[in-house]
Q: 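Please see the structure below; I have some questions.
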Protein chains: 2
Amino acid sequence: MNVPTATVSRLIVYLRVLDSLASAGKSRTSSEYLGNEAQVSPFQVRKDLAYFGRFGTRGIGYDVAELGQRIRTILGLGRSWNTCIVGLGRLGQALVDYPGFGPQKEFHLVALFDTDSAKIGKCFGGLAVRHNWELPQAVAELNIQLGMIAVPASSAQEVATALVQAGIRGILNFAPAVIEVPLHVFVEKTDVSAALERLTFYLSAAQADRRPAP
Amino acid sequence: MNVPTATVSRLIVYLRVLDSLASAGKSRTSSEYLGNEAQVSPFQVRKDLAYFGRFGTRGIGYDVAELGQRIRTILGLGRSWNTCIVGLGRLGQALVDYPGFGPQKEFHLVALFDTDSAKIGKCFGGLAVRHNWELPQAVAELNIQLGMIAVPASSAQEVATALVQAGIRGILNFAPAVIEVPLHVFVEKTDVSAALERLTFYLSAAQADRRPAP
DNA sequence: TAGATTGTTAATCGATTAACAATC
DNA sequence: TAGATTGTTAATCGATTAACAATC
């Protein structure tokens with residue numbers, strides 16, 4: 001049974017809805033409510049959850065705290081993940097301040113890398129920048145599991161290869177480039193240019209009648 | 001005929017490949033080459049292009065410059081787009097420096113908005129921050145077509161509503177929140193937390209045997 | 001019990017893959 | 001002409017939607 005990528009993305013949204021329900025002091029919810037908030041059908045919510053088991057009570061609905069906890073576990077958020085950033089240009093520096101990093105959070109920023117000698121040794125967010133060639137050693141010593149690529153497109157592949165060789169299996173690629181990795185490595189991408197260009201596609205007069213799939 | 005969202009994303013990748021071919025001085029290419037670079041099948045490349053017309057020559061392939069130009073037009077990149085940023089926290093400030101903004105580029109940053117009185121009037125990238133309530137006037141006067149939301153999740157919906165009321169029809173949402181807009185408005189999202197969480201899902205031991213759809 | 005809402009199976013829809021005829 | 005490669009139609013695959021039986 002293969003879980004669709006879209007299902008994983010939606011689980012993340014459901015979890016946020018559950019978290020805000022919990023903050024609001026609610027203890028019970030339904031596939032209908034979750035669907036409304038996530039802008040998907042109740043069918044979709046139940047189908048998505050069904051990939052992973054049974055989480056609710058027929059006739060009653062879901063327990064907010066319990067479902068939240070179980071989705072958290074499914075998403076691998078029950079533990080902490082050591083993360084590094086490669087490339088400390090403007091984007092890399094901005095990522096250091098990403099609010100998802102913190103002692104109470106799942107993601108810990110533990111190392112910074114660059115190849116620019118002017119940057120090596122500089123500190124950002126309390127971490128000194130190391131040279132890329134320290135990657136293998138640092139990944140092993142600091143037990144780094146995730147790498148963020150914040151270098152120009154032209155060196156993204158090189159950095160990805162170095163991360164993989166150092167033993168990293170999860171990469172978040174911010175460079176506007178397709179990177180090639182072995183099958184056991186997972187890559188996610190976040191690309192501002194591409195997002196803007198999708199917008200202009202849909203806004204363009206010629207495509208005014210075309211809507212993105214829901 | 002409805003164009004799949006995935007097709008639009010792939011066109012963007014093909015365009016990048018074509019641009020780098022052009023830089024390398026190549027004048028001709030094939031669906032096989034484009035597919036290799038974009039990590040999709042040659043079938044997929046031809047099918048994607050077929051949504052928009054005929055671009056190649058049987059037996060020969062595609063002209064790099066011409067196909068690039070035509071994809072650019074399809075994506076609405078033949079013109080320029082005035083853009084604003086709402087929210088000048090760390091993320092908003094980093095976006096000001098986004099290299100896709102520039103006089104030679106398709107995207108022009110023309111206004112900044114925030115509600116924090118400590119930020120109003122401050123300059124970033126040569127632009128003074130205005131109060132959100134200037135949105136309607138500024139959108140009209142500066143002919144702003146695109147808005148980037150860089151505020152916390154808790155105020156994302158409010159800002160989206162304000163952007164829509166000001167007349168903006170294309171929104172790039174960086175806040176980790178689902179926003180609701182009228183049908184004629186397009187929303188793209190870029191969400192670092194969600195990308196990281198998809199990675200941890202796939203990396204988690206329990207899901208180690210599950211691969212994302214290609 | 002009756003009403004509500006889940007979990008699951010079946011039907012539909014859409015996208016991807018494959019095959020091949022067209023043609024340079 | 002023969003080889004190459006597109007454009008397009010057909011087949012397959014997968015995801016979404018719908019329906020409904022299970023059950024609290």
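Chain letters run A, B, ... following the sequence lines, proteins first and then strands; every chain starts at 1. Values below: every heavy atom of this structure, side chains too, minus hydrogens, waters and symmetry copies.
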Q: To the nearest Å, how far apart are Asp48(A) CG and dT17(D) P?
A: 10 Å
Q: In whole angstroms, how far is the P atom of dA15(C) from the CG atom of Leu11(B)?
A: 14 Å
Q: Would you call the rings of Tyr202(B) and Phe186(A) parallel, tilted or perpendicular if under 30° counts as parallel and over 60° as perpendicular?
A: parallel
Q: Check this for me: Glu180(B), atom CD, are more than 12 non-hydrogen atoms of other residues, nucleotides or ligands nearer than 6.0 Å?
A: no
Q: Any chance you could measure Tyr14(B), atom OH, to Leu67(B), atom CG, to the nearest 0.5 Å?
A: 10.5 Å
Q: Distance check needed: dG14(C) P versus Gln44(B) CD, whole Å only.
A: 17 Å
Q: Spell out protein contact along nucleotides 19-24 of chain C as letters: B when the base is contacted, S when just the sugar-phosphate is, - when no protein heavy atom is under 4.0 Å; keep the 5' to 3' order.
A: BBBBBB
Q: For dT16(D) and Tyr51(A) - does any side-chain N or O of the residue sit under 4.0 Å from the phosphate oxygens OP1/OP2?
A: no
Q: Reckon Tyr33(A) has a side-chain N or O less than 4.0 Å from the OP1 or OP2 of dT6(C)?
A: no
Q: If I take atom CG in residue Leu34(B) and atom P in nucleotide dG7(D), what distance separates them, rounded to the nearest angstrom?
A: 11 Å
Q: Name all stems that contain residues of DNA chain D, defined as runs of 3 or more consecutive Watson-Crick or G-U wobble pairs, both distances under 3.5 Å.
A: C:3-24 with D:3-24
Q: If you measure from CG on Leu88(B) to CG on Leu95(B), what distance do you get to the nearest 0.5 Å?
A: 8.5 Å
Q: Given atom CD of Gln39(B) and atom P of dT16(C), what is their separation to the nearest angstrom?
A: 16 Å
Q: Does a side-chain heavy-atom distance below 4.5 Å link Leu196(B) with Met148(A)?
A: yes
Q: Nearest 0.5 Å, please: how far is CG in Leu146(A) from NE2 in His108(A)?
A: 11.0 Å
Q: Taking DNA chain D as the partner, which of residues 17-31 of chain B come within under 4.0 angstrom of it by heavy atom?
A: Ser30(B), Ser31(B)
Q: Measure NZ/Lys47(A) against C1'/dA18(D) and give the value in whole Å, please.
A: 11 Å
Q: Let me know the distance between CG of Asn2(A) and P of dT16(D), rounded to the nearest Å.
A: 13 Å
Q: Contact between Ile71(B) and Ile12(B) at the side-chain level, heavy atoms closer than 4.5 Å - yes or no?
A: no
Q: Take the protein atom CG of Leu49(A) and the nucleotide atom C1' of dT9(C), then report the distance between them rounded to whole Å.
A: 17 Å
Q: To the closest 0.5 Å, what do you measure between CD (Glu188(A)) and CD1 (Ile171(A))?
A: 11.5 Å
Q: Just do the side chain to side chain donor-acceptor pair (under 3.5 Å) check on Asn132(B) and Thr115(B) with the steps written out, would you?
A: CA-CA 6 Å; Asn132(B) 278 14; Thr115(B) 49; 5.0 Å; no
Q: With a cut-off of 6.0 Å (strictly less than), are more than 12 heavy atoms of other residues, nucleotides or ligands near CD of Glu158(A)?
A: no
Q: Taking the side chain as every heavy atom from C-beta outward, state whether Ile149(B) and Ile85(B) have any atom pair closer than 4.5 Å.
A: no
